[in-house]
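Here is the structure we will look at, set down as structure tokens.
This chain uses plain numbering: 1 for the first residue, then up along the sequence.
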Amino acid sequence: MNGESISAKRFINMMAKFSISSWVNFIIGITTVAITTRLFTPDVYGALNMFNTTTAIFVSVSCLGLDGAFIRFYYEPPKGWDTRQLFAKCLIFACITLLVISLIVCVGFYEEITSQLFHTVSFYIAVLLSVNSLSLLVLNNFFSQYYRIGNDPYHYTIQQILVQFFSKLFVVSAAFISPTIDVVLTMNTVGIFSLMLVYFFIQKKTVLPEKIIWSYRGFWPVLKFALFYWPQSTVLTLNAFIIPFIITSQLDSYSLGIYASAGFFVSAFGVIQGGFRTYWSAFMYEHYKDEQEKIIKIHSYVVIFIILLLSGFILVQHIVYLLIGSEYHASRLFFSLVLVDPLLSLLEQTTEYGTNLAKKNHQNLIIFFLSVTINIVGTYLLLPLLGLIGAAIAAAGAATIRFILATWRGQKYYVSIEKYWKTLSGMFLIILLAISNCVFVNAYELECLAILLIIGTAMLIYHSYIKEMIVYIHRAK
């Protein structure tokens, strides 16, 4: 571990560097959404969303948690190993697992899987799923992790931008060939797979060892951590998959397309979230012993930032929805509830690391499994009664319970918040903002008043941190 203290300016600079790709991807995303929601009907958009979430499930299961284990043991590799050896063994193990899963799916279960997910029997789509999964596993779960934990924002940024650019560009191009589900999924897969091949051969010398040592002696601590981390990451991915699956099963792909359009705001939030989460994990593992006071402050700053960001999204929603096709505007009613999950997930990053540092991953597993169960059951029960907003309510409720439990366990092993009441108050204000949008969706003046009251309350609770932020900004000028 590096015992050298890190300044606030350097922390912000590093986070900003890792956010460059998120800003570029946001611009790419805005352009793509504006085009695709006009060129593709909601049923095609919904099928693409289901394809991507299913790919995420394939990748998460195949990784066996080894992507998370690589990050955890980057600074503490097994005796006799360097980071490249650790990286190579984790990557090879995950690729072999994906190959086995793909063979099982394509040979034995493609009819059932494609019929349930895409309402058509297609061996071709099953093959596309396997190829797309391999491409994203290599690019996102391993290559980007190497750059991320190694504090290499240059290569990380290039890779993230290229992934988004190739996938979005090829998807948009499908509209000019034939805007059908098969063509859209084909172009999406071809774009990512081509990038993966090019990227692998160009960059392999920087991340892979010259000669792989095939002995796995000393690998058990890495594998043990991975196996406990694996269900947690898989449950998270399952959570993102199961709701679209329930929507398309109980309703149809058209309704899923409308629900998925609310993800526009999630991707917009990812501009900051991506940079923070990418740098934060490396920062925590390197500095949790010597920067605890700063970590506590950062938690409070994140609460303030989330409240202001969600307020901004709600205030400008009418302008943003001008970019989205008119068929998708029904999601304006519940988009703020959909945002609660990723917002609290970001806040969790500043409260839950104690369980990882203490290697108590099984506790996170229980918490995430509980939250996913609540989400699934809630969506299944509320969707027929309330429609799409029922799914959004279930997701927000499950995220709230997850945040409370994850914070409780994380703080037991490592204190990263000032006071529980402040953190819970911040969480409550975030949820209140999300609900206010649903209540005052057609009453903009009342919405603005509610937002002012909530921001005012936040300023009273976090006044000392706000003053400190103002002083820092003045000094930085």
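- A donor-acceptor contact closer than 3.5 angstrom is absent between the side chains of H299 and T351.
- When all heavy atoms of A47 and I181 are compared, the closest pair comes out as CB-CD1, 3.8 Å.
- Every residue was checked against the side-chain hydrogen bond (donor to acceptor under 3.5 Å, both in side chains) condition with T54, not counting sequence neighbours, and none meets it.
- For E348, the salt bridge (charged side-chain N to carboxylate O under 4.0 Å, His left out) partners are R402, not counting sequence neighbours.
- Atom CD1 of I319 has 12 or fewer neighbouring heavy atoms from other residues, nucleotides or ligands inside a 6.0 Å radius.
- Between L137 and C95, the closest side-chain pair of non-hydrogen atoms falls below 4.5 Å.
- Contact of the V171 side chain with the F40 side chain is registered, since non-hydrogen atoms from C-beta on lie closer than 4.5 Å.
- Residues C438 and S336 share a closest heavy-atom pair of SG-OG, 4.2 Å.
- Proximity of L208 to F200: side-chain heavy atoms (C-beta onward) are separated by under 4.5 Å at one or more points.
- Residues Y321 and S331 bring a donor and an acceptor atom of their side chains to less than 3.5 Å of each other.
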request  = Please step through side-chain contact (heavy atoms from CB on, under 4.5 Å) for the pair L310 and F305, ending with a clear verdict.
outcome  = CA-CA 9 Å; L310 182 56; F305 170 77; over 6 Å; no
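- A 4.5 Å side-chain heavy-atom check between L388 and L251 finds at least one atom pair inside the cut-off.
- For the pair Q159/L195, no side-chain contact is recorded, criterion being any heavy-atom separation below 4.5 Å from C-beta on.
- Under the 3.5 Å distance criterion, the side-chain polar atoms of R332 are matched with a main-chain donor or acceptor of V441.
- The line from CG of N188 to CZ of F166 is 13.0 Å long, rounded to the nearest 0.5 Å.
- Scanning both residues, T189 and L185, for their nearest heavy atoms gives OG1-O, 2.9 Å.
- With contacts defined as side-chain heavy-atom distances shorter than 4.5 Å, the pair L197/S194 does not qualify.
- For the residue pair H119 / T248, a side-chain donor-acceptor distance below 3.5 Å is found, with atom types taken as modelled.
- Side-chain N or O atoms of S135 include one that pairs as donor or acceptor with a backbone N or O of V131 at under 3.5 Å.
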message = Run N132 and F51 through side-chain contact (heavy atoms from CB on, under 4.5 Å) and show every step you take.
response = CA-CA 9 Å; N132 200 50; F51 182 79; 3.5 Å; yes
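- Between the side chain of T114 and the backbone N or O of S122 there is at least one donor-acceptor pair closer than 3.5 Å.
- Using a 4.5 Å cut-off on side-chain heavy atoms (C-beta onward), F241 and L117 make contact.
- Here the CG-OG1 distance, from L86 to T83, works out to 7.5 Å after rounding to the nearest 0.5 Å.
- Taking CD1 from I314 and CG from L339, the interatomic distance works out to 8.5 Å, rounded to the nearest 0.5 Å.
- With a 4.5 Å cut-off on side-chain heavy atoms, L315 and Y444 count as touching.
- Considering all non-hydrogen atoms of both residues, L343 and I306 come closest at O-CD1, 3.4 Å.
- We find the CG-CG distance between L370 and N375 to be 11.0 Å, quoted to the nearest 0.5 Å.
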request  = Check the pair V105, L129 against side-chain contact (heavy atoms from CB on, under 4.5 Å), reporting the backbone distance first and the verdict last.
outcome  = CA-CA 10 Å; V105 169; L129 274 172; over 6 Å; no
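- Environment of CZ in F440: crowded, with over 12 heavy atoms of neighbouring residues, nucleotides or ligands closer than 6.0 Å.
- Separation of the F142 and F70 ring centroids does not fall under the 6.0 Å cut-off.
- Classified by interplanar angle (parallel below 30°, tilted 30° to 60°, perpendicular above 60°), the ring pair F334/Y259 is parallel.
- Under a 3.5 Å cut-off, the side chain of S345 and the backbone N or O of D341 do not form any donor-acceptor pair.
- The closest side-chain donor-acceptor pair between Q116 and S249, if any, does not fall under 3.5 angstrom.
- With rounding to the nearest 0.5 angstrom, the OG1 atom of T55 is 6.5 Å from the CG atom of L136.
- Sorted by first and then second residue, the salt bridge (charged side-chain N to carboxylate O under 4.0 Å, His left out) pairs involving residues 47-73 (not counting sequence neighbours) are R72-E76.
- Counting only distance, with no hydrogens or angles, the side chain of T53 and the backbone of M50 share a donor-acceptor pair below 3.5 Å.
- Checked by atom type and distance alone, the side chain of T355 pairs as donor or acceptor with a backbone atom of E352 at under 3.5 Å.
- The shortest heavy-atom contact between A175 and P179 is O-CD, 3.8 Å.
- Judged by distance alone, the side chain of Q363 and the main-chain N or O of K360 form no donor-acceptor pair under 3.5 Å.
- Side-chain atoms of W230 come within 3.5 Å of backbone N or O of V61 as a donor-acceptor pair.
- Of all heavy-atom pairs spanning S62 and T97, the tightest one is O-CB, 3.5 Å.
- Under a 3.5 Å cut-off, the side chain of Y110 and the backbone N or O of Y124 do not form any donor-acceptor pair.
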task = For the pair N437 and E447, evaluate side-chain contact (heavy atoms from CB on, under 4.5 Å) and give the outcome as yes or no after the intermediate values.
result = CA-CA 7 Å; N437 177 70; E447 179 66 74; 3.8 Å; yes
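- Judged by distance alone, with hydrogens and angles left aside, the side-chain atoms of S416 form a donor-acceptor pair with the main-chain N or O of T350 at under 3.5 Å.
- Rounded to the nearest 0.5 Å, atoms CD1 (I307) and CD1 (I451) are 12.0 Å apart.
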